[in-house]
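Okay, so here's the structure we're looking at.
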Amino acid sequence: MSDNVILIRYGELYLKGKNKDYFENILKNNIRKKLADINCKLYFGRGRYVVKDYESADEPIILNRLKHVFGVHSTSVAKRCGYDFDEIAELAISIVPQNGTFRVTSHRSYKKYPLNSLQINMQLGERILQAKPQLTVDLHSPQYVLNVDVRENGDVYLYDDSERCVGGMPYGTGGNGLLLLSGGIDSPVAGYMLAKRGMSLSALHFHSYPYTSQAAKEKAIELARILGEYCPGISLTCISLTEIQETIHKCCKPNYMITLVRRFMMRIAERVANKLNCGCIINGESLGQVASQTLESITVTNAVVNMPVFRPLIGMDKDEIIEIAEKIGTFKISIEPYEDCCTVFLPDYPLIKPTLEKVEEQESKIANYNELIERAIENIETIVL
Ligand code: ATP
Ligand code: MG
């Protein structure tokens, strides 16, 4: 068993006033589930949670898992001792370096402890100086800060470092959203960003088999799996657009292909979202990135749905999106070279500024419009991740 403990801090929840318990309970549950298969004890104190009594070999695993829990702001690996001041001093002396400048910063959530925070700082500082006379105290910009945390559960934690985690709001506190997940770089990042604000995700992937390969679908499955490390229980629905694309290709002007496909996608997405109890659609559009992401194109594709469509990447540059994709681990999968359904029957000159009137005129050439949508939805495939 390790002598260390892991301290968990949460961020924004303290803004939640009377609803704080609701947010905290979901966060605690998410942490519990994330660590369910690891032999450890969890202690949920006020403002801070603690993982203790785990095997040393599990420490990096626990720290890594906590980096995938939204709502966890930072973690620290700390040494633990009891309330006895001699014991605290002995442990502190064993931790601080031999020389340089230092400061003690204590935090006392157990208010009945006989010393207040200032007294702990001063008395512990003195003991450290006696034992390590080459050290000097610097309160303003010390080289080393020893943090002392006196908890209500009989424990005192000493640590010097903390690691930033993902932050955000606990997963499951922000409603349900349907993520349009292609195999590209942007859409997994878009999903991650809303999940980070607590939204539970279901994913929907469109393919054009046999024009697109099985490998392209596998890519979407793998991306959903990676998102699943942050989004427990995420599901993936796959729908074929093949018949729809063939029909558009046959009936409509070639340069309307992408616009019309995207309107089909949005209509289908809204139907699937309602079925899966999702209150919004999420996509990875970024203004001006491609022809289908101009204001005019977005207006025309947005016009077919009533529920909110969230586009968290709308104001981001590609390199900013890639940075997040690398951080969350989706980038290396996204750049695998399999074609997306949007590239099937790709026109040489897609419309950059479609108008609703002209798009509807093209759409009216598709006689069995609703039938096509019904059939696509009937042949839904749900992937268990
Ligand atoms: P991405 O990198 O996410 O594929 P992109 O830059 O290739 O985006 P588009 O192909 O125009 O852009 O797609 C815009 C958005 O539409 C995507 O971010 C995604 O949310 C959705 N989308 C595109 N293709 C598909 C697909 N095959 N299945 C589901 N959603 C898709
Ligand atoms: Mg794409």
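Side-chain atoms are counted along with the backbone in the values below, which use heavy atoms only and exclude waters and symmetry mates. Throughout, numbering of the chain's residues begins at 1 and tracks the sequence. Ligands are counted one by one from 1 in listed order, and the atoms in each one are counted from 1 as well.
- Some N or O of F206 is nearer than 3.5 Å to an N or O of ligand 1, by distance alone.
- Ion pairing between a basic and an acidic side chain is recognised when a charged N comes within 4.0 Å of a carboxylate O; D37 and R65 show such pairing.
- Take E374 and apply the salt bridge (Lys or Arg N to Asp or Glu O under 4.0 Å) test, not counting sequence neighbours, and it matches R271.
- Those atoms of ligand 1 that come under 4.0 Å of a heavy atom in I185, given as number and element, are 2 (O).
- Contact annotation for L204 and ligand 1: only backbone heavy atoms (N, CA, C, O) come within less than 4.0 Å of the ligand.
- By the 4.0 Å N-to-carboxylate-O rule, D155 lies too far from K79 to be salt-bridged with it.
- The closest side-chain donor-acceptor pair between S286 and R311, if any, does not fall under 3.5 angstrom.
- For Y192 and Y230, the ring centers are positioned less than 6.0 Å apart.
- For ligand 1, the polar-atom distance check finds no N/O of M265 at less than 3.5 Å from any of the ligand's N/O atoms.
- Of the listed options R262, E285, Q289, R262 places a heavy atom closest to atom 16 (O) of ligand 1.
- A salt bridge is defined here as a Lys NZ or Arg NE, NH1 or NH2 lying under 4.0 Å from an Asp or Glu carboxylate O, and R127 with D86 meets this definition.
- Under the 6.0 Å cut-off for aromatic ring centres, H73 and Y10 do not qualify, their centroids lying 6.0 Å or more apart.
- Counting only N and O atoms by type, the side chains of Y49 and E24 include a donor and acceptor under 3.5 Å apart.
- For residues 209-237, the salt bridge (charged side-chain N to carboxylate O under 4.0 Å, His left out) pairs, not counting sequence neighbours, are K217-E381, E222-R225.
- Between D138 and R103 there is no salt bridge, since none of the side-chain N atoms of the basic residue sits less than 4.0 Å from a carboxylate O of the acidic one.
- Looking at S187 against ligand 1, both its backbone and its side chain come within 4.0 Å, counting heavy atoms.
- In summary, the atoms of ligand 1 found under 4.0 Å from a heavy atom of S292, numbered by their order in the structure, are 11 (O).
- Only the side chain of D340 comes within contact range of ligand 1, with a heavy atom under 4.0 Å; no backbone atom does.
- Considering both main-chain and side-chain atoms, I282 never comes within under 3.5 Å of ligand 1 through any nitrogen or oxygen pair.
- Under a 4.0 Å criterion applied to the non-hydrogen atoms of L180, ligand 1 contributes the atoms 19 (C), 20 (O), 21 (C), 29 (C), 30 (N).
- Residue D186 places at least one N or O, backbone or side chain, under 3.5 Å from an N or O of ligand 1.
- Polar contact with ligand 1: absent for P188 (N/O pair, distance under 3.5 Å).
- Judged by distance alone, the side chains of N39 and Y54 never bring a donor and an acceptor atom under 3.5 Å apart.
- Counting atoms of ligand 1 from 1 in the listed order, those under 4.0 Å from a heavy atom of V290 are 11 (O).
- For ligand 1, the atoms lying closer than 4.0 Å to a non-hydrogen atom of L181 are 28 (N), 29 (C), 30 (N).
- Ligand-side atoms of ligand 1 in range of Q293: 6 (O), 9 (P), 11 (O), 12 (O), 13 (O), 14 (C), range being under 4.0 angstrom from any heavy atom.
- Near N283, with a cut-off below 4.0 Å to any heavy atom, the atoms of ligand 1 are 20 (O).
- Set against the non-hydrogen atoms of G184, the atoms of ligand 1 under 4.0 Å away are 1 (P), 2 (O), 4 (O).
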